[in-house]
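Notes follow the structure.
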Amino acid sequence: DSEGGLYVCMNTFLGFGREHIERHYRKTGQCVYLHLKRRVVEKVPGASGGALPKRRNAKLFLDLEISSDLNSDDFEYEDEAKLVIFPDHYEISLPNIEELPALVTIACDALLSAKSPYRKQEPDSWEEELQASKHAKTLVQLDNGVRIPPSGWKCSRCDLRENLWLNLTDGSVLCGKWFFDGSGGNGHAMEHYKETGYPLAVKLGTITPDGADVYSFDEEEPVLDPHIAKHLAHFGIDMLQMQVTENGLRDNDIKPRVSEWEVIQEAGVKLKPMYGPGYTGMKNLGNSCYLNAVMQAIFSIPEYVGNLPRIFDYSPLDPTQDFNTQMAKLGHGLLSGQYSKPPMKSELIEQVMKEEHKPQHSGISPRMFKAFISKGHPEFSSNRQQDAQEFFLHLINLVERNPVGSENPSDVFRFLVEERTQCCQSRKVRYTERVDYIMQLPVAMEAATNKDELIAYELKRREAEAARRPLPELVRAKIPFRACLQAFSEPSNVEDFWSSALQAKSAGVKTSRFASFPEYLVVQIKKFTFGLDWIPKKLDVSIDMPDFLDISHLRARGLQPGEEELPDIAPPIVIPDDPKALDIDESSVMQLAEMGFPLEACRKAVYYTGNLGAEVAFNWIIAHMEEPDFAEPLVTPAFGEVASSGATALGAVGLDNQPPEEMVAIIISMGFQRNLAIQALKATSNNLERALEWIFSHPDPEEESDPALDTVDMENNANANILAETGSEGPRIKDGPG
């Protein structure tokens with residue numbers, strides 16, 4: 001409340017605006033509140049020699065704080081605090097040691113002097129203060145005659161020309177580690193450190209008269225090198241002559257061109273500011289654009305708006321820990337227009353008089369919402385870049401767990417997918433259905449409409465790299481959306497398909513269709529893929545989304561006349577000759593290890609994903625990297641225990657003993673809940689393949705009674721199919737036109 005200030009309950013330390021304070025008092029009976037107001041005081045230019053400051057309207061920067069461009073050099077703050085006693089609104093100015101009890105005075109002082117937890121987090125979120133390396137002072141540099149040229153660098157082991165690091169001991173130029181978006185290098189700088197123990201390296205292209213980026217392999221973090229000028233001079237590098245470049249190209253050699261970011265931001269275009277309901281921006285809290293984008297889209301859907309005042313009225317005593325209250329609060333901030341108001345006429349006149357323009361960036365800063373919704377999640381609770389699709393599934397999961405009344409707003413996204421699997425030998429088929437929330441489309445690179453331009457660009461790029469000239473302007477592959485849509489419906493091979501008709505392994509193909517169409521279809525373009533070297537890379541493509549989309553031809557048809565269904569028979573349990581031997585695909589393990597992951601973690605990933613290949617194991621690694629035992633050696637139960645639990649009662653449902661933990665872990669790593677994994681394994685006599693088919697064919701499994709089973713998040717994998725609603729009626733599926 002920018003005018004009324006903030007009321008803090010002295011019993012619960014919850015803050016309320018003027019609009020909600022009376023309601024809180026009536027609901028709880030708490031009568032002692034600390035009333036806070038913050039006024040912004042602007043310094044008049046040139047008035048530092050004693051002129052009185054000019055006071056602006058009172059504004060309070062709360063959790064939904066106004067994202068204005070207030071510079072600390074131009075503005076100062078004045079806080080006003082009073083103790084308010086309800087219901088008579090009796091006010092006591094602070095400080096007031098004479099009239100107040102000591103306990104109340106201490107509590108008020110502690111509250112006023114406390115630093116906001118969000119403010120405590122900000123320095124860590126944005127910039128980390130580097131420490132001087134312990135090796136900088138005593139670093140030994142080899143007198144081997146190495147001299148580093150000012151340009152034309154490349155890795156001495158793989159010929160890469162970007163992300164290069166100069167080892168400050170022996171002058172070796174080597175590439176850094178790879179990144180998930182496909183950039184980076186092959187990790188040769190780290191390999192060199194492991195071989196030699198030489199600890200410090202500087203990134204080529206970051207050296208300027210002001211310093212350089214230095215990394216300590218031994219300390220495993222970026223560091224400061226107070227003697228960097230001396231260490232670089234040893235290899236013939238004069239810091240005063242260096243400029244920030246990449247690949248040795250100087251700034252004045254690079255042809256300026258408009259970046260993609262500038263195009264997105266419409267740089268250079270005169271835009272008209274928009275204000276009011278539905279035109280409220282969200283402040284980036286440091287790599288939080290994934291959250292902002294998803295929430296802006298979510299609150300454009302009427303079903304998610306709901307009755308905001310009703311949610312506020314029935315919020316619990318501690319609304320900071322209530323999902324629906326926090327969602328309603330964010331929705332109110334975005335849709336009410338209270339945080340998107342045009343500047344006052346007096347402010348505009350003031351800017352004209354000062355001959356300056358300060359953009360009036362109203363908006364909200366969703367700090368409390370981000371802290372609450374990401375609590376306990378290893379990725380979203382960090383300040384690293386995240387994927388919007390993964391966050392969308394995480395949000396849907398929370399909405400499913402926190403229903404408001406009988407209506408579930410996530411129903412608008414939910415749809416059924418029919419999967420048809422056919423045995424290529426017997427020609428018999430099996431139809432199953434599963435719940436999904438996202439249509440994932442592969443990028444059909446072979447359908448690019450500008451292949452000639454791409455070939456010409458690649459030739460020019462290689463020539464420029466060889467001649468150390470500036471790279472040509474980027475040419476992206478132009479992919480028609482219809483090609484991606486067609487790839488969705490194409491048949492795909494089923495690995496290790498076991499045919500119940502033949503009672504043996506056979507070739508199988510699978511096709512997917514829509515058994516229902518949702519009200520709102522979420523489409524994901526799968527731009528991440530694996531190269532021939534199994535290094536993940538991001539496809540840099542341009543896909544034009546049509547204004548009108550008709551997918552009626554993807555409607556499922558079910559079992560057709562003349563088709564014969566595969567028998568519902570489970571495959572036999574195979575017991576290996578050597579019970580102690582672990583069946584792990586070593587080739588997949590080595591592919592993952594070459595990416596830079598710990599060897600033991602790679603072995604666990606391949607084992608827990610059932611030897612389904614390096615790509616599936618890579619997804620397991622991404623989902624479990626933050627776990628404390630990530631790199632610990634693989635420990636499995638004795639095979640006798642596993643076999644006994646699997647062979648006790650073939651086909652029995654609801655066995656008293658629990659399924660093998662490693663099989664449960666495999667299903668969980670695919671994104672399903674733990675209780676669903678256990679139930680499926682029990683129903684299929686601990687057969688992994690049949691358990692997965694059981695999950696897809698049972699969208700409404702019975703709910704487990706063990707509350708501990710609900711603790712596992714099901715959004716760990718980007719390809720998760722959320723099956724959170726497990727009531728007797730199953731998830732509600734709406735159907736509409738395509």
Side-chain angles (χ1 to χ4, degrees), residues 158 177-182 184-188 190-191 194 387 390 440 442 492-498 505-510 526-539 571 574-627 629-637 639 642 660-672 677 681 686-693 716-720:
C158 66
K177 65 180 181 179
W178 66 274
F179 302 111
F180 189 68
D181 63 355
N186 297 316
H188 290 139
M190 173 62 78
E191 289 181 9
K194 292 178 179 178
D387 183 68
E390 291 182 17
Q440 296 181 315
S492 60
N493 294 325
V494 180
E495 298 291 337
D496 293 326
F497 174 71
W498 189 85
K505 285 191 175 183
S506 172
V509 294
K510 181 173 66 176
K526 299 167 67 175
K527 297 178 71 174
F528 284 99
T529 184
F530 283 84
L532 296 176
D533 51 3
W534 280 100
I535 292 180
K537 64 179 181 179
K538 185 176 181 180
L539 300 175
V574 180
I575 301 177
D577 298 331
D578 183 6
K580 297 182 180 179
L582 291 178
D583 184 18
I584 297 179
D585 182 7
E586 293 298 334
S587 63
S588 297
V589 172
M590 295 312 299
Q591 288 176 6
L592 295 169
E594 288 173 359
M595 297 181 190
F597 298 115
L599 181 62
E600 289 299 332
C602 299
R603 289 175 57 81
K604 289 164 69 174
V606 174
Y607 178 78
Y608 284 131
T609 54
N611 292 319
L612 295 179
E615 184 171 359
V616 177
F618 176 81
N619 289 335
W620 186 95
I621 286 178
I622 295 300
H624 294 78
M625 287 183 67
E626 302 296 329
E627 296 179 359
D629 60 345
F630 173 67
E632 296 296 323
L634 174 65
V635 178
T636 59
F639 187 83
V642 177
E661 188 60 34
E662 62 268 29
M663 288 189 178
V664 176
I666 291 174
I667 297 178
I668 291 175
S669 70
M670 297 178 183
F672 299 106
L681 288 168
N686 298 330
N687 181 275
L688 183 60
E689 182 179 349
R690 296 288 296 149
L692 291 173
E693 293 181 1
N716 284 340
N717 191 283
N719 299 319

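Worth saying up front: this structure is predicted, and the values here are computed from it rather than measured.
- Taking CZ from Arg603 and CE from Met590, the interatomic distance works out to 11.0 Å, rounded to the nearest 0.5 Å.
- To the nearest 0.5 angstrom, Lys604 atom NZ is 13.5 Å from Leu592 atom CG.
- In this structure Glu632 satisfies the side chain to side chain donor-acceptor pair (under 3.5 Å) test with no other residue, sequence neighbours excluded.
- The heavy-atom pair separating Pro633 from Glu600 by the smallest distance is CA-OE1, 3.3 Å.
- The two residues Phe630 and Pro598 make their nearest non-hydrogen contact at CE2-CD, 3.9 Å.
- In plain terms, the two heavy atoms of Asn186 and Glu191 that are nearest each other are O-OE2, 4.3 Å.
- Nearest heavy atom pair, residue Ala601 against residue Trp620, reads O-CZ3, 4.1 Å.
- Contact of the Asn493 side chain with the Val509 side chain is registered, since non-hydrogen atoms from C-beta on lie closer than 4.5 Å.
- For the pair Ala605 and Ala617, the tightest heavy-atom approach, listed with the atom from each and the gap, is CB-O, 3.6 Å.
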